[in-house]
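Whatever order the structure lists ligands and atoms in, that order sets their numbers, starting from 1.
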Amino acid sequence: MHPATRRWSLRFSALAILSVAACSAPAEESTENGADDLSLSNLVKLARGTIDRTVVDPANPWAQKKLAIGEENRLPNEAAEFATFAKLVNRIQANSQAELKAKAPFRAFHAKPHACVRGTATLDNRALPASARVGLFATNASYPTWARFSGGVSTPQPDKKLDIHGLALKFVGVPGARILTQPGDDTATTQDFLFTDQSVAPASDARHMMAFAEASLGVADNNSILGKFENLAAVGAFLTRDENVRIVDFLVNRALPKTRSTGSLLGDTFYSGAPMALGLEAGDVNTAKAKGAFKLIAKTGVLRNGVCSAMPTSPNTKDDAFLHNDLVKRFGAETVCIDLSIQIQQDPNREVLEDVSVEWRNAAISVGRITFESRKLGEVAADAEQATCDAFSFFPWHTIADHRPLGNAMRARRVAMPSSAGYRDATTPEPTATAPTGGR
Ligand code: HEM
């Protein structure tokens, strides 16, 4: 998720507008631009929290075609559309920087780091079927691994405010032919995976995620109170469209309860949300059909008697940085761990590649664990290891070809994320196994 949004607090004011607008709007009426207002049946589903996450979103143009296992659906005009996202993320960054009068730009999303540390991943493929022992899962090796815990929105904010939480992993020293997107990729050995603590993304496709980001941005862009109100109403109007019902469901029925209940990131489950390949058929590695697909799940905790045990904690809402401070306490006292498992695509109509609002419900299979030795964590900006890690670009396209990111959300990220990283001058080189601390 983020993804895709700016000021969730403003968004919630927008939800107030949404409820008024939705109640006064005649059901199924068409707006001037042709979009349907929130239908009565969708309103009822929203209120009950019963939006069906097993079927594709009718508003997602990438997901309306039946596909085979590992098959993607590229729309003819998608490259031009994704190029506009690269510009939008820079507008978001300029805005956040101006708003906080910050010296340097933030990440366009996931701006606030809660901690950024190095540990060791030990992979174990024994539970996997032979067909899934591909790429990273082909051998049972250990890798230095960096992990960045973050808040999801584009501006650092108090931890009690509506948000999703992010986790980014960077495995170092992974062998294999690579996807080349940026200078230095030919010599890199990193394999990145990005997660949020929601099993679905806020919207079903990149278009709706970025449209939400843009609608929200209008509020922050405007300096006058009246202007802000007008734009807030525009966000409300955006959310009351039937095609955005999954975004509203995400905010109200998923993100809000999760924000209110999460006091520690070490009692949480993180989901890659978007899928990756399990090997590619012959051809150009950028476009060849994937032989299989998977999503990765990361469960965080502390190691006790060989078990990675979740440490659920209530939020300490009096502390603006309770998530960082909880990590400082836990890392200072115990070995922190992350258990990794994968869901393998079995039925392309259930484990959908082109709609990230559909929940994959098939069983997850264990593939290993990351451990982080106990250590004293300082503030991210003042701690050398954490500052190095925070300055990396975590990017799903830092990858071996066997795990090429799949689906429109991933293809859009290939364009949008480097634009954000470039704008904030994230030039820390990819770390190597022999120089694992990276650094400039
Ligand atoms: C399921 C889908 C998604 C997930 C799980 C996800 C997760 C994340 C995470 C965890 C980060 C923080 C990485 C870090 O710690 O450095 C991040 C950053 C970011 N994401 Fe997403 N994201 C998703 C979809 C998208 C989409 C569709 C876009 C845009 C088209 C996007 C654009 C970005 C950008 C621009 C950044 C900042 C990159 C930087 O400055 O290095 N994301 N995302």
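- Annotation: disulfide bond (SG atoms under 2.5 Å apart) contacts involving residues 350-409, sequence neighbours excluded, comprise Cys116-Cys389.
- Atom CG of Leu265 is separated from atom CG of Leu323 by 4.5 Å, given to the nearest 0.5 angstrom.
- Contact annotation: the side chain of Glu71 never approaches that of Leu353 to less than 4.5 Å [non-hydrogen atoms, C-beta and beyond].
- Those atoms of ligand 1 that come under 4.0 Å of a heavy atom in Ala409, given as number and element, are 27 (C).
- Interface atoms of ligand 1 facing Met210, defined by a heavy-atom separation under 4.0 Å, are 29 (C), 30 (C).
- Closest heavy-atom approach to atom 34 (C) of ligand 1 among the candidates Phe82, Tyr271, Phe109, Tyr423: Phe109.
- When non-hydrogen atoms are compared, ligand 1 lies under 4.0 Å from the backbone of Leu167 (N, CA, C, O) but not from its side chain.
- Remark: distances from the non-hydrogen atoms of Ser272 to ligand 1 include one below 4.0 Å.
- Shown in contact with Arg424 at under 4.0 Å from a heavy atom are these atoms of ligand 1, numbered in order with element: 39 (C), 40 (O), 41 (O).
- Minimum interatomic distance between Asp205 and Val356 (heavy atoms only, all atoms of both residues): N-CG2, 4.4 Å.
- Short contacts between ligand 1 and Ala416, defined as distances under 4.0 Å to a heavy atom of the residue, involve ligand atoms 29 (C), 30 (C), 35 (C).
- Partners of Glu72 according to the side-chain hydrogen bond (donor to acceptor under 3.5 Å, both in side chains) rule, which considers only residues two or more places apart in sequence or in another chain, are Arg74, Arg404, Arg411.
- Ligand 1 lies nowhere less than 4.0 angstrom from a heavy atom belonging to Ala426.
- With distances taken over non-hydrogen atoms, the option nearest atom 14 (C) of ligand 1 out of Met209, His110, Arg148 is Arg148.
- Residues Glu334 and Ser374 have side chains that never bring a donor and an acceptor to within less than 3.5 angstrom of each other.
- For the pair Arg413 and ligand 1, the shortest N or O to N or O distance falls below 3.5 Å.
- By the 30° and 60° cut-offs, the orientation of the rings of Phe193 relative to His403 is tilted.
- Ligand 1 has an N or O atom lying under 3.5 Å from an N or O atom of Arg107, backbone or side chain.
- Judged by the 6.0 Å and 45° rule, Lys170 forms a cation-pi pair with Phe392.
- Contact annotation for Ala168 and ligand 1: only side-chain heavy atoms (C-beta onward) come within less than 4.0 Å of the ligand.
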